[in-house]
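Working notes, structure below.
Along the sequence shown, residues carry numbers from 1. Both ligands and their constituent atoms are indexed starting at 1 by order of listing. When reading the values below, keep in mind they use all heavy atoms of this one structure, side chains included, and skip hydrogens, waters and symmetry mates.
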Amino acid sequence: MPKSSNKTPKPSQNGQSPSIESILAEKRLFKPSKKFSEQARISSMAQYEKMYRASIKDPEKFFAKQAEELAWFKKWRKVVEWKAPFAKWFIGGKINAAYNCLDRHLSTPRKNKAAIIWEGENFEQRVLTYAQLHREVSRAANVLKSLGVKTGDRVAIYMGMTPELAIAVLACARIGATHSVIFGGFSAEAIRDRVNDAEAKLIITSDGAYRRGTIVDLKRNVDLALRTEAMMIDGKSQPYGGCPTIEKVLVVKRTGQDIDMFPGRDIWWHEAIKDASHDCPAAELDSEHPLYILYTSGTTGKPKGIVHTTAGYLLGTYLTTKYVFDIRDEDVYWCTADVGWVTGHSYILYGPLSNGATVVMYEGAPTYPAPDRFWDIIERHGVTVFYTAPTAIRAFIRAGNEHPNKHDMSSLRLLGSVGEPINPEAWMWYHTVIGKGKCPIVDTWWQTETGAIMISPIPGAIPTKPGSATLPFFGVEPEVVRKDGTPCKPNEGGYLVIKKPWPSMLRGIYKDPERFEKQYFSEYPGIYFTGDGARRDKNGYFWIMGRVDDVINVSGHRLGTMEVESALVGHEAVAEAAVVGRPDEIKGSALVAFVTLKQGWPPDETLKERLRGHVGSMIGPIAKPDDIRFTDALPKTRSGKIMRRLLRELASTGAVAGDTTTLEDFSVLEKLRAGEEE
Ligand code: WTA
């Protein structure tokens, strides 16, 4: 049973945070082993501190030097221009991200090294060397060109984790088409919203994707998103606008299932690519050319299109992969994320490939066909660096140690964690059962918006504490502040902000500069507000406490409560809805929806299931509430604001402080607590 959120210190709200008691009690300190440090790129605290100080004192000089490690067509004139909230990096430079991930390795011994070791859910294997990947990407880029895609056009990509996904992304980057990858778990409605917001010209998809032994009908979802005729939604005929900017749909054959192909619109990838030339020079793009848009949940009902540009983003992912993962040519590096999320963009593709690393890419579910699939992959491929999410770690703890213990994972040398705070218990398990006590753990804090890792141990240098992301990366100046912007004292909880611009920072929200400024730079003018709560201990280590806004981290995926609420009220039975997070042992947070129904609708289990299904079809299965509770009224303040704190308390404990234990008492509570959150 989750503990009462009574004790959870502010500003943490959504339940996945370690408690202040556990932080203050955390005395364990793990120094990097001598063996690890000796071979690491940064091998002592003194070296880290020296580089960090240099990066803060003179960021222009520091990043100019680092940027020389990338391949440029034309060198920049000026390193940075900062007119808050708008940043430009490497002004005047010409560069190409795909060129940096591929072409520049071809004149080195990496040419015939494995770039991607791909494993299908059904155990198929494909290996693409850098030379092969380069050829495939070039051919795909020529296909895009032949379909009329030009530099600056947007291309949506909605696929499962196959090599063609990586090829499609890099092909866009090669010709300067801005990619917008849509996670394969999103629904037709979610595709339509994103495609229309980005005004994409082309969608690249596949017939279907394998997931946990079943097939996800990707092409069918695309067909639904593109429909222009009216359709029945919840018993009513709704006009349906489709995606007017889409001209073509390029379809990769993966499952071979039956699908509809619309003549003139839909094209098979394998047919289009058959005769495509593998000669396609990389476009010489401006440093600030938009590399991609990635939609992420925020505090409103509509996801926002985070925009990343080319040079700064590439430098951020390149440097963090080099130093945080301490990547080497002999490594077999595996990040278990999906390319549909930012972690996959930065740490399956751009970061590791620009470093010339060998990347494992796995198509399927972590527990398919058995709970030891991940450990099996590590053993069979000799994975050395492994990067996953706390939610997966907690699920593995529950599945039992016999699964990892069956496998020889002695190849591992470094472990990483991302997506949500890792609780010290999960950290210790990861350290002892998976790392056998010999692998440093890098707990990496960052966001879709930051593009690259911001706070993390440097494994050969910074001693780790279970549950802490430790210290900032080069050039990153975070601080924990109070509501009024003054710095917090050690161990005092506050809001995490970043005081200076950094190369891989988001350049905006697509087509919405006002929302960009309001969302990130208005709370503390000119300073980036992360939306996370944090504390800094007396050693200066950061402890991330979780979101302080209405974003909930479910299994490491960001969901906006407003998004789920607006999906719910879109159902004809629903009058009002409020969605909150409750602590969940595996997922970090689970979604609980409080729903008031319109007259005449029976508050029964069938309706709950229908509502969950409705949210699934409006957003995707990940957004389905774990729990729906019907109520006659939602508790509100006098000014009409929903009292979310109260709902959170209720969701996590089944009761609220005091004598009130049931939802039926809401109206009483409403009166008692009116004004409390005003
Ligand atoms: C959370 C994922 C604690 C945080 C890269 C952030 C973390 C949100 C950590 C971004 C971590 C990510 N420790 N919390 N190591 N990493 N978070 O945009 O709340 O999907 O704001 O990016 O995840 O989620 P996003």
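At a 3.5 angstrom cut-off on N or O pairs, Thr296 does not count as close to ligand 1. Considering backbone and side-chain N/O of Glu449, none are found under 3.5 Å from N/O of ligand 1. The N/O atoms of Ser417, backbone and side chain alike, include none that comes under 3.5 Å of an N/O atom in ligand 1. Backbone and side-chain nitrogen or oxygen atoms of Thr530 are examined, and none is located within less than 3.5 angstrom of a nitrogen or oxygen of ligand 1. Any N or O atom pair closer than 3.5 Å counts here, and Thr444 shares at least one such pair with ligand 1. Of the N or O atoms in Gly546, none lie within a sub-3.5 Å distance of an N or O in ligand 1.
Defined by atom type and a distance below 3.5 Å, a donor-acceptor pair is present between the side-chain atoms of Thr444 and Tyr387. Side chain to side chain, Tyr347 and Thr320 meet the donor-acceptor criterion of an N or O pair below 3.5 Å. Side-chain contact of Asn221 with Tyr158: a donor-acceptor pair under 3.5 Å is present, judged by distance alone.
Using a 4.0 Å cut-off to heavy atoms of Asp443, the atoms of ligand 1 that qualify are 11 (C), 13 (N), 15 (N). Listed by number with element, the atoms of ligand 1 under 4.0 Å from a non-hydrogen atom of Thr343 are 5 (C). Listed by number with element, the atoms of ligand 1 under 4.0 Å from a non-hydrogen atom of Pro421 are 3 (C), 13 (N), 14 (N). Atoms of ligand 1 found under 4.0 Å from any heavy atom of Val418, numbered from 1 in the order shown, are 5 (C).
Here the two rings, on Tyr350 and His345, have centers that are 6.0 Å apart or farther. Ring-centre distance between Trp446 and Phe473: not below the 6.0 Å cut-off.
The residue among Thr448, Ile552, Asp549 with a heavy atom at the shortest distance from atom 22 (O) of ligand 1 is Thr448. Closest heavy-atom approach to atom 16 (N) of ligand 1 within the set Gly419, Ala337, Ala389: this belongs to Gly419.
Applying the salt bridge (charged side-chain N to carboxylate O under 4.0 Å, His left out) test to every pair with at least one member in residues 386-395, sequence neighbours left out, gives these pairs: Arg394-Glu420.
Within the structure, the closest approach of Trp445 to ligand 1 falls below 4.0 Å when heavy atoms are considered. For Ala469, the heavy-atom gap to ligand 1 stays at 4.0 angstrom or more.
Counting heavy atoms under 4.0 Å from ligand 1, residue Val551 does not touch it at all. Of the heavy atoms in Arg558, only side-chain atoms (C-beta onward) come closer than 4.0 Å to ligand 1.
Taking Lys322 as the reference, Arg41, Glu69, Tyr318, Asn355 meet the side chain to side chain contact (heavy atoms under 4.5 Å, CB included) condition, with sequence neighbours excluded.
Tyr313 and Tyr292 have perpendicular rings, their planes meeting at more than 60° on a 0 to 90° scale where under 30° would count as parallel. Ring-plane geometry between Tyr495 and Tyr524 is classed as tilted, the angle between the planes lying from 30 to 60 degrees on a 0 to 90 degree scale.
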Q. Stepwise, does the side-chain hydrogen bond (donor to acceptor under 3.5 Å, both in side chains) test hold for Asp537 with Trp543?
A. CA-CA 8 Å; Asp537 68 18; Trp543 298 77; 3.0 Å; yes
